[in-house]
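Remember, predicted model here, so these are calculated numbers, not experimental data. Computed over heavy atoms, backbone and side chain alike; hydrogens, waters and symmetry mates excluded. A, B, ... follow the sequence lines: proteins, then strands. Residue 1 opens every chain.
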Amino acid sequence: MEYNFKDIEQKWQDNWREQQTYKVSVDTSKPKFYVLDMFPYPSGAGLHVGHPLGYIASDIYSRYKRLKGFNVLHPMGYDAYGLPAEQYAIQTGQHPAITTEKNIARYREQLDKIGFSFDWHREVRTCDPKYYKWTQWAFIQMFNHWFNKDVQKAEPISQLVATFEKEGNQHINASCSEAEVFTAEEWKAMSEKEQQSILLNYRIAYLADTMVNWCPKLGTVLANDEVKDGLSVRGGCPVEQKNMRQWSLRVSAYAQRLLDGFDNLEWSDSLKDIQRNWIGRSQGADITFDVKDSDVQLTVFTTRPDTIHGVSFMVLAPESEYTKQLSTPEQEKEIATYLEYVAKRTERERQSEVKVVTGVFSGSYAINPFTNEAIPVWISEYVLSGYGTGAIMAVPAHDSRDYAFARKFELPIIPVIDNGQAIDLSESSYDAKDGKMINSGIINDMSVKEAIQFIAEEVDKRGIGSSKINYRLRDAIFSRQRYWGEPFPVYYKDELPYMLDESKLPLELPEIDKYLPTETGEPPLGRAKNWQTEDGFSLEFNTMPGFAGSSAYYLRYMDPHNENELVSKEANDYWENVDLYLGGAEHATGHLIYSRFWNMFLYDLGIVCQEEPFKKLINQGMIQGRSNFVYRIVGSNTYVSLGLKDQHETTEIHVDVNIVHNDVLDTEAFRTWMPEYANAEFILEDGKYTCGWAVEKMSKSMFNVVNPDNIIEQYGADTLRLYEMFLGPLEAHKPWDTQGIEGVCKFLRKFWRLFMNGETFSVSDDEPTKEELKVLHKTVKKIEYDIENFSFNTSIPAFMICTNELSTLKCNKRAILEPIVIALASYAPHIAEEIWSLLGHKTSVTMASFPQWEEKYLVEDNFEYPISFNGKVRFKLSMPLTATNAEIEKAVKASPDMERWLDGKDIRKMIIVPKKIVNVVV
RNA sequence: GCUCAGAUGGCGGAAUUGGUAGACGCGCUGGACUCAAACUCCAGUGUCCUCAACAGACGUGCGGGUUCGAUUCCCGCUCUGAGUACCA
């Protein structure tokens with residue numbers, strides 16, 4: 001009976017579906033374990049061989065945890081809202097729901113073939129009204145809460161209103177857009193419109209005029225993480241800065257908690273680093289400068305208050321309020337010209353031309369509170385309006401950007417730090433944070449550290465500033481001028497936003513006739529008929545961004561069919577949060593921040609019991625393509641084999657990897673591949689055409705896409721699973737090379753043969769030998785260690801070695817083979833199920849327990865002690881492992897090999913380490 | 001520029017973390033089986049010393065160091081990849 005993977009895999013996939021083998025429910029008698037994959041966006045191209053890598057790893061871990069007695073939640077779903085479906089709709093008029101549905105069906109079909117143990121009863125789709133009801137619901141909660149900095153927590157807006165009515169806002173310490181101080185009386189005297197406008201500044205989901213990334217080509221605004229190098233991440237379209245009225249989420253309020261949370265997370269340091277940099281905490285001080293002949297006070301943020309005596313000018317961001325306040329009439333014209341220039345510059349230009357120094361003098365002078373000197377105030381685009389106060393004190397001697405500016409506009413450069421060596425300021429600034437203060441009045445001779453401390457305290461004492469922490473993290477812009485996304489549960493009355501009643505949820509996405517933004521520049525929902533509330537108020541035209549639906553989906557899996565709550569308390573108390581989360585590192589600054597924020601917010605409300613959503617995170621690497629090339633001799637239709645190409649002038653041409661085997665081109669297939677190659681001629685070596693190759697991104701244009709369906713057709717799902725793991729460490733990027741798959745396929749056939757006596761399945765019930773037990777226990781120990789440490793790649797060799805050894809021992813004993821089948825079941829579930837059932841078991845191997853290994857079977861009676869001289873192994877000596885150090889030493893000295901290796905030298909020392917290596921030092 | 005990760009045969013990679021470097025697989029070479037092919041099996045395969053050795057030397061990007069012993073730890077470089085970027 002040959003190993004017929006096709007029948008076996010079909011049979012067990014059907015069986016799992018019929019028996020609902022992987023359906024889970026709350027079971028308090030068992031410990032829970034929640035394994036989650038980042039759910040995919042179902043694109044039209046389907047899965048390539050790189051996509052399932054993480055799913056296979058998480059599936060192995062899930063299956064292993066089940067065998068270890070855990071109740072495992074392992075769900076899957078679809079992040080179904082997104083741009084590609086909508087772009088396709090704009091081009092073809094096809095409703096995005098239809099293409100999305102089609103793509104999901106295709107994804108599901110491909111996923112099923114790989115044999116995952118997902119509980120599909122819990123599937124979620126972000127575009128399903130039953131699902132996005134809870135996305136809208138969460139938004140309403142964010143609208144109805146504000147962030148109290150004193151307790152670092154979200155609190156109901158109703159409480160805030162109560163405080164306003166009692167004592168105004170003077171004692172409120174909130175994360176807030178703008179706050180003018182008012183009393184209780186003033187509050188009560190305000191109209192509803194005025195009150196609502198003020199409350200908008202406090203809400204966690206708020207509507208405000210903000211500088212946004214506007215992408216004209218996509219016709220929508222984008223969040224910071226959706227923009228890279230001034231281009232949109234999706235589509236690479238130019239992005240510009242624009243002031244627009246948009247919904248935002250007050251993510252920045254949670255900056256400190258997002259940082260503190262890392263302490264209890266098992267995430268890779270590099271990923272934590274990426275998030276830390278993105279949050280960008282910096283500790284410094286606000287310092288207020290008086291302005292000469294003006295009432296305006298100029299506040300700057302600095303991390304280097306120690307350098308205050310070196311300030312030789314101030315710089316304002318062009319968009320800053322200060323720019324209007326501090327521009328003098330004499331400079332008006334010049335400033336206007338400059339502001340015009342800045343406004344015209346795209347974000348991309350600004351970023352790519354960082355070295356170009358521009359600026360204009362405002363006409364005003366600030367007074368340095370420590371030297372009382374008047375220092376000129378400039379305006380320049382190198383200062384950002386969105387960070388700190390939008391104004392800086394410039395210390396050209398010790399900041400390279402200020403230095404460049406001072407050089408260009410010939411402003412004084414005053415050194416205030418001396419590092420013991422002569423600091424040369426003729427070419428560059430000295431930015432380091434060590435040395436002694438000079439030219440700095442009262443703080444002369446202090447160290448930088450002391451000076452920072454002293455000035456900060458002094459500023460505080462004089463009431464001209466205070467120490468402050470700034471974060472780079474911005475609030476998340478939450479509006480998108482697109483169709484295919486969640487509608488906001490928002491209507492407008494008197495130009496102010498109000499939330500729909502929760503009983504009206506979900507507010508379903510309306511049908512429209514065209515998916516392009518309207519000619520008037522309004523979002524597509526502007527076309528929807530009757531897009532208003534029952535009492536005639538207009539509904540919001542924008543839709544929510546991609547990250548809205550993906551921010552809390554892990555909670556919905558816990559209780560996916562609950563129509564009354566996002567997640568029931570019972571389900572949440574049991575499943576708590578995700579124990580293991582697998583996905584790409586590209587979500588570090590997007591989804592993984594938003595999800596943490598969203599979850600913390602729900603935690604503040606008491607909806608969820610854990611503050612952090614994902615306890616352990618693993619970022620699987622990308623599988624790259626391995627492209628093949630042919631070499632066309634320039635000006636001909638002749639192609640030369642790799643080894644001979646240097647003899648000709650050639651052009652490198654990508655060739656479909658599917659017509660290349662072991663880097664040898666199928667020349668006939670090449671001729672029929674594309675019409676232009678029909679008459680191709682070849683210069684062969686050894687009768688073969690050898691192709692060149694390179695590792696590149698897997699993509700259609702490189703003709704290097706490998707489809708998992710083809711691999712499964714040819715080798716089976718178990719082989720695909722094993723091979724994907726075998727390729728290399730889970731977290732590493734690695735190229736796909738189909739050549740190597742033969743090895744693991746061969747292993748499965750060999751493993752199968754262990755159970756076969758000719759054509760019949762047979763195992764013996766004989767007692768295993770010591771040797772066989774050793775193979776078993778060694779293998780089980782290794783597999784357990786590997787899975788616990790996520791080094792799945794090294795498990796495959798362990799299985800191969802085990803199989804080879806048992807094959808050599810001609811071992812077909814049940815006592816040995818049965819536990820190994822269980823250990824293999826996580827990796828290759830189909831073949832394991834088949835053998836398990838042939839072994840006479842009536843229930844799934846999923847119900848089995850992971851085998852226990854014992855150290856006693858692993859120790860040998862006699863051990864070949866490697867004897868090394870100065871660290872180099874020279875010979876081996878067989879002795880019992882139980883020998884004492886004294887016995888070993890005696891035996892080594894008595895060994896006949898010693899004399900030769902000592903070569904007349906004396907033994908200075910003999911080191912016998914617990915790992916049983918003897919090192920003789922001569 | 002800053003931060004992080006990495007560099008091991010022809011290729012992918014192993015070495016459970018300071019203890020026999022190159023496991024395992026691919027590829028390659030030779031052999032067995034076969035009329036032949038496929039399948040399967042066996043042997044060899046880091047480099048160098050004119051062949052072989054169960055003889056030796058050298059070998060984990062480069063240069064130093066610590067150690068009885070370093071792919072592993074420390075210092076200084078080079079290169080590659082990723083993140084981020086006028087964040088004051």
Side-chain angles (χ1 to χ4, degrees), chain A residues 2 228-229 268-278 280-282 284 300-304 307 315 317 350-351 353-357 380-384 386-389 391-395 398-402 404-405 431 470-473 585-586 588-589 621-622 626 662-663 693 695 723 726-729 731-744 746-747 749-750 753 781-782 785-786 788-789 791 793-801 804 807 864-876 908-922:
Chain A
E2 265 305 300
K228 214 193 139 183
D229 301 329
S268 72
D269 287 337
S270 67
L271 199 96
K272 285 184 187 176
D273 261 343
I274 293 173
Q275 283 206 355
R276 275 198 198 99
N277 289 340
W278 187 258
R281 182 185 202 268
S282 69
V300 299
F301 174 73
T302 179
T303 55
R304 297 294 301 274
T307 58
V315 190
R350 244 179 112 148
Q351 282 184 12
E353 297 164 19
V354 195
K355 299 247 153 58
V356 180
V357 179
S380 171
E381 61 177 343
Y382 87 88
V383 173
L384 304 176
Y387 185 78
T389 62
I392 61 152
M393 58 179 225
V395 187
H398 306 292
D399 182 290
S400 51
R401 296 155 302 179
D402 298 343
F405 194 83
D431 290 12
N470 252 312
Y471 300 92
R472 204 187 74 108
L473 183 68
E586 67 272 18
T589 55
M622 242 175 18
R626 187 180 187 277
N662 294 358
D663 288 340
W693 62 274
V695 172
Y723 188 56
F726 181 69
L727 276 178
E731 307 199 52
H733 298 301
K734 46 211 174 279
W736 177 270
D737 180 1
T738 307
Q739 277 181 55
I741 202 168
E742 297 282 352
V744 291
K746 232 183 262 178
F747 149 69
R749 286 199 296 262
K750 264 189 197 173
R753 251 183 276 132
K781 180 183 179 182
K782 171 74 177 153
Y785 178 89
D786 282 347
E788 296 280 2
N789 292 284
S791 53
N793 54 326
T794 54
S795 278
I796 320 301
F799 281 123
M800 289 175 175
I801 293 165
N804 285 340
S807 173
E864 296 276 311
Y865 286 73
I867 313 299
S868 63
F869 282 69
N870 294 344
K872 215 162 191 75
V873 173
R874 295 306 186 182
F875 62 95
K876 287 180 185 175
R908 285 184 18 224
K909 227 196 303 187
M910 201 182 286
I911 291 147
I912 302 163
V913 294
K915 291 195 179 170
K916 300 301 171 193
I917 282 201
V918 180
N919 194 16
V920 181
V921 186
V922 295

Under 4.0 Å between any heavy atoms, over every strand shown, what does A:Asn793 touch: base, sugar-phosphate, or nothing? Just pick one. sugar-phosphate

Give the rounded distance in Å between these two atoms: CG of A:Asp663 and P of B:rC28. 10 Å

If you only use heavy atoms from C-beta on, which nucleotide in B:rA88, B:rC4, B:rA57 is closest to the side chain of A:Arg874? B:rA57

Choose from B:rU40, B:rA88, B:rU3 the nucleotide whose nearest atom is closest to any side-chain atom of A:Thr303. B:rA88

Within 90° of 0 counts as syn, otherwise anti: where does B:rG9 fall? syn

Inter-nucleotide C1' distance (B:rG22, B:rC11), Å rounded: 13 Å

The side chain to side chain contact (heavy atoms under 4.5 Å, CB included) partner of A:Val918 among A:Ile911, A:Val873, A:Ile912 is A:Ile912

If we take the P atom in both B:rU78 and B:rG10, what is their distance in whole Å? 26 Å

Provide the distance between the two P atoms, one in B:rG19 and one in B:rC74, to the nearest whole Å. 15 Å

Given B:rU84, B:rA88, B:rC24, identify the nucleotide with an atom nearest to the side chain of A:Thr302. B:rA88

For the side chain of A:Pro729, counting heavy atoms from C-beta on, which of B:rG25, B:rA88, B:rG13 is nearest? B:rG13

Hey, is the side chain of A:Tyr387 poking within less than 4.0 Å of OP1 or OP2 on B:rA88, counting only N and O atoms? yes

Keeping A:Asn919 on the side-chain end and A:Asn870 on the backbone end, is there a donor-acceptor pair under 3.5 Å? yes

If we take the C1' atom in both B:rG61 and B:rU80, what is their distance in whole Å? 11 Å

Residues, nucleotides or ligands: over 12 heavy atoms within 6.0 Å of A:Asn804 CG: yes

Quick note, A:Asn919 side chain, CB onward, closest among B:rG25, B:rC68, B:rG27 is B:rC68

May I ask you to evaluate whether A:Arg276 reaches the phosphate of B:rC4, defined as a side-chain N or O under 4.0 Å from OP1 or OP2? no

Specify the separation, in whole Å, of atom CG of A:Asp737 and atom P of B:rG10. 17 Å

Which whole-number value in Å describes the distance from A:Asp402 CG to B:rG1 P? 20 Å

RNA chain B: A:Thr794 or A:Val913, which has the more 5' nearest nucleotide? A:Thr794

Any side-chain heavy-atom pair from A:Asp663 and A:Arg626 closer than 4.5 angstrom? yes

Would you kindly compare A:Asn277 and A:Pro866 by the position of their nearest RNA chain B nucleotide and give the one closer to the 5′ end? A:Asn277

Qualifying residues under salt bridge (Lys or Arg N to Asp or Glu O under 4.0 Å), relative to A:Lys782, sequence neighbours excluded: A:Asp786

When you check the phosphate oxygens OP1 and OP2 of B:rC68, does a side-chain N or O of A:Lys909 lie under 4.0 Å from one of them? yes

A:Glu731 atom CD is separated from B:rG13 atom C1', nearest whole Å, by 16 Å

Nucleotide B:rG13, atom P - distance to CH2 of A:Trp736 in whole Å: 14 Å

So, is A:Arg749 close to the B:rC39 phosphate, meaning a side-chain N or O under 4.0 Å from OP1 or OP2? no

Under a 3.5 Å cutoff on both atom distances, Watson-Crick or G-U, what's the dot-bracket for RNA chain B ([ ] crossing, | other strand)? (((((((..(((......[....)))((((((.......))))))(((.......)))..(((((..]....))))))))))))....

Which whole number of Å gives the distance between the C1' atom of B:rC28 and that of B:rG46? 14 Å

Taking any heavy-atom pair under 4.0 Å as a contact, classify A:Leu384: base, sugar-phosphate, or nothing. base

For A:Asp399 and A:Val395, indicate whether the former's side chain and the latter's backbone hold a donor-acceptor pair under 3.5 Å. no

Which of these nucleotides, B:rG25, B:rU40, B:rA88, is closest to any side-chain atom of A:Phe726? B:rG25

Considering just the side-chain nitrogens and oxygens of A:Lys746, establish if one lies under 4.0 Å of OP1 or OP2 belonging to B:rC26. yes

Looking only at atom C1', what distance separates B:rU8 and B:rU72, rounded to whole Å? 12 Å

Describe the nucleic acid contact of A:Lys272 in one word from base, sugar-phosphate, nothing, applying a heavy-atom distance below 4.0 Å. nothing

Rounded to the nearest angstrom, tell me the gap between atom CD in A:Glu586 and atom P in B:rA82. 13 Å

B:rU40 C1' sits how many Å from A:Glu742 CD, rounded? 13 Å

Any side-chain heavy atom of A:Leu727 within less than 4.5 Å of one from A:Trp736? yes

Round to a whole Å and report the spacing from CH2 of A:Trp278 to C1' of B:rU3. 15 Å

Where the side chain of A:Pro797 is defined as all heavy atoms beyond and including C-beta, which of B:rC24, B:rG12, B:rC4 is the nearest nucleotide? B:rC24

Does a nitrogen or oxygen in the side chain of A:Ser400 sit under 4.0 Å from OP1 or OP2 of B:rG1? no

Out of B:rG12, B:rG25, B:rA88, whichever nucleotide has its closest atom nearest the side chain of A:Asn804: B:rG25

Sugar-phosphate, base or nothing in reach of A:Arg626, heavy atoms under 4.0 Å: nothing

Closest listed nucleotide, where the reference is the side chain of A:Tyr785 and the choices are B:rU16, B:rA88, B:rA23: B:rU16

Which part of the nucleic acid does A:Val383 contact within heavy-atom distance under 4.0 Å: base, sugar-phosphate only, or nothing? base

Distance, P atom - from B:rA55 to B:rG44, rounded to whole angstrom: 16 Å

Quick one, A:Tyr382 and A:Asp402 - any side-chain contact, counting heavy atoms below 4.5 Å? yes

Look at the side chain of A:Gln739 and decide which nucleotide, out of B:rG27, B:rU84, B:rA57, has an atom nearest to it. B:rG27

Determine the contact category for A:Ile911: base if any of its heavy atoms lies under 4.0 Å from a base atom, sugar-phosphate if only primed atoms, P, OP1 or OP2 are that close, otherwise nothing. base

B:rU20 base to A:Lys876 side chain: any donor-acceptor pair below 3.5 Å? yes

Is the closest side-chain heavy-atom distance between A:Ile867 and A:Arg874 below 4.5 Å? no

Given the P atoms of B:rG25 and B:rC42, what is the spacing between them in whole Å? 11 Å

Classify A:Ile274 by what it touches in the nucleic acid, base, sugar-phosphate, or nothing, heavy-atom distance under 4.0 Å. sugar-phosphate

Does A:Trp693 reach the side chain of A:Pro735, with side-chain heavy atoms less than 4.5 Å apart? no

May I have the step-by-step check of salt bridge (Lys or Arg N to Asp or Glu O under 4.0 Å) for A:Asp431 and A:Arg304, ending in yes or no? CA-CA 10 Å; A:Asp431 290 12; A:Arg304 297 294 301 274; over 6 Å; no

